[in-house]
Amino acid sequence: MTKPRSIFEEVGTDTQGDRKTVATGMIERGSGGGAARGAVRIWLLVLFALVAAMVVVGGLTRLTDSGLSITEWAPFTGAMPPTSDAAWAAEFAKYQKIPEFQLQNSSMDLADFKAIYWWEWGHRQLGRFIGLVWAIGFFGFLAARKIPNGWTGRLALLGVLGGLQGAIGWWMVSSGLSGDRVDVASYRLAIHLGLAFIILGLIAWFILLLGRREADLMTARRLRETKLFGMGTGLLHLAFLQILLGALVAGIDAGRSFVDWPWMAGQIFPPDAFDLSPIWRNFFENAGLVQFMHRIVGYLLVIFAFVVWRVSRRSGNQMVRTAYTLAGLMVLGQAVLGITTVLQASPLHVAITHQVGAILTWVLILNARFLAGYPAEQSIRG
């Protein structure tokens, strides 16, 4: 029979002994607990690293002109590469039927084809592996009931976007398999890369959220620096636009068309910027105009990053100030790296470093925005 409690007894006293128990609050109890949040966060960190690697490998695939080497979309059977001379000959024969080979690579032999094939196969294989890691993690946590409260939809969304990314990847590749193109459509490449950065951004945001207890997030949100959070959002959007323009530049090799700076062919505005018809094509396919837009938005991004940094200096939170300083420095560094890429006519190692810089810039802006929205506790001394 249960012993009656005294009205003066402390809540949490164990009636079976003198040991005190610490009862967790309803918010934390419903969120899956710290251990579950930590495990999901580690899984997301692995996913983030894999998706970032996917972006880099995708960039290398584009820079090596390897993206059209596999002319079919076979999500499951395509996981196995050719294993015999006959299979390799069959794959090469398919490639010889597309415009890229006929108009640009007609002198390519089987050994050269294998080199570009492995890049595209590795890119697709990494995509399959990411899908497998997501599925094992998501359904594993779901079966074990370890997904924090309110997070099932968010984590499922990553899988949906990953599947959509695979479909968009094939939609992009298919644009270069017929007609008179020797590359994929630049606007499809921009959509493909843009979605990759959206997925990266969501994963990074989820990692940041899961790094704190729900109760702490609720407390921190009351301290939100609204103006700085809004400016961080604007900086994020402008950076995203710049990333899309960078994809257009890469899609038509515009980075190798004008290799002087700050001029373009010796003048401020590039020559023949509107020579394509209809006129809208110039904004996607004219090398001079596309690179000019990328440069102008880059300048605006640096200026706006400086303005946001100046505003952040008024924050009373040291972590917020540091985060915006790091983001601003990365934006500036990325601009310098972009100029270097242009002046050197986009060599492979510099161009891919510029793409890695875009990932770092994206993450640092996200982190600064997060800290403005959920300022971390600090002592009175900061």
Side-chain angles (χ1 to χ4, degrees), residues 25 27-28 31 34 37-38 40-42 44-45 47-49 51-52 55 148 150-151 154 158 194 197-243 297-338 356-382:
I27 294 174
E28 292 307 317
S31 67
R37 293 173 72 85
V40 172
R41 191 167 186 257
I42 291 172
L44 289 176
L45 283 166
L47 274 178
F48 180 88
V51 175
V55 172
W151 279 85
R154 300 180 196 181
L158 296 179
F197 271 82
I198 289 173
I199 294 171
L200 271 177
L202 284 174
I203 296 175
W205 192 259
F206 293 165
I207 289 170
L208 291 169
L209 287 174
L210 288 170
R212 298 197 209 166
R213 300 182 308 147
E214 287 291 340
D216 293 338
L217 288 172
M218 291 179 66
T219 300
R221 189 168 183 172
R222 299 190 190 102
L223 303 174
R224 171 170 291 182
E225 301 191 36
T226 305
K227 181 178 181 180
L228 201 51
F229 182 80
M231 295 184 77
T233 302
L235 187 62
L236 192 69
H237 289 165
L238 190 58
F240 186 69
L241 174 61
Q242 180 69 336
I243 288 166
V297 173
Y299 301 148
L300 293 175
L301 186 60
V302 170
I303 293 170
F304 188 48
F306 176 76
V307 172
V308 176
W309 173 78
R310 288 289 298 170
V311 173
S312 74
R313 303 316 295 166
R314 297 197 291 267
S315 171
N317 190 292
Q318 178 61 48
M319 291 183 68
V320 172
R321 295 197 302 271
T322 300
Y324 275 97
T325 296
L326 291 174
L329 287 174
M330 191 64 226
V331 168
L332 180 60
Q334 180 71 345
V336 172
L337 188 55
V356 172
I359 296 174
L360 292 175
T361 303
W362 185 242
V363 172
L364 287 173
I365 294 174
L366 270 169
N367 180 62
R369 179 177 180 267
F370 176 81
L371 288 173
Y374 302 92
E377 291 184 0
Q378 66 178 17
S379 67
I380 296 177
R381 294 182 180 179

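Here, residue 1 is the first one in the sequence, and each next residue gets the next number.
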For side-chain contact (heavy atoms from CB on, under 4.5 Å), just list the numbers for Leu158 and Leu44, CA-CA rounded to whole Å, side-chain angles, deciding distance to a tenth of an Å, and then say yes or no. CA-CA 10 Å; Leu158 296 179; Leu44 289 176; 3.7 Å; yes
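- In this structure, the separation between CG on Leu202 and CG on Leu366 is 9.0 Å, given to the nearest 0.5 Å.
- Atom OG1 of residue Thr361 and atom CD of residue Gln334 lie 4.5 Å apart, to the nearest 0.5 angstrom.
- Looking only at distances, a side-chain donor or acceptor of Arg212 sits under 3.5 Å from a matching main-chain atom of Tyr374.
- Judged by distance alone, the side chain of Arg41 and the main-chain N or O of Ile207 form a donor-acceptor pair under 3.5 Å.
- Looking only at distances, a side-chain donor or acceptor of Ser312 sits under 3.5 Å from a matching main-chain atom of Trp309.
- Nearest heavy atoms, Ala305 versus Gly328: CB-CA, 4.5 Å.
- Using a 4.5 Å cut-off on side-chain heavy atoms (C-beta onward), Met231 and Phe304 make contact.
- Counting only heavy atoms from C-beta outward, the side chains of Val331 and Ile365 approach each other to under 4.5 Å.
- Leu208 approaches Phe370 most closely through the heavy-atom pair O-CZ, 3.5 Å.
- A donor-acceptor contact under 3.5 angstrom links the side chains of Ser315 and Glu225, judged on distance only.
- The neighbour count for Arg154 CZ, taken as heavy atoms of other residues, nucleotides or ligands under 6.0 Å away, is above 12.
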Using side-chain contact (heavy atoms from CB on, under 4.5 Å), reason through Thr233 and His237 one step at a time and then give a plain yes or no. CA-CA 6 Å; Thr233 302; His237 289 165; 3.6 Å; yes
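- Considering only heavy atoms from C-beta on, Leu235 comes within 4.5 Å of Leu301 through its side chain.
- Relative ring orientation between Phe206 and Trp151 is described as perpendicular, the plane-to-plane angle rising above 60° on a 0-90° scale split at 30° and 60°.
- Around the CZ atom of Arg221, the shell of radius 6.0 Å holds no more than 12 heavy atoms that belong to other residues, nucleotides or ligands.
- Here the CD1-CH2 distance, from Ile243 to Trp362, works out to 5.5 Å after rounding to the nearest 0.5 Å.
- For the residue pair Pro375 and Asn317, the shortest heavy atom distance occurs at CB-ND2, 3.9 Å.
- Of all heavy-atom pairs between Leu210 and Arg37, the closest is CA-NH2, 3.7 Å.
- Judged by the 6.0 Å distance and 45° axis criteria, Arg369 is positioned over the aromatic ring of Trp205.
- A distance of 9.5 Å separates OH in Tyr324 from CG in Asn367, rounded to the nearest 0.5 Å.
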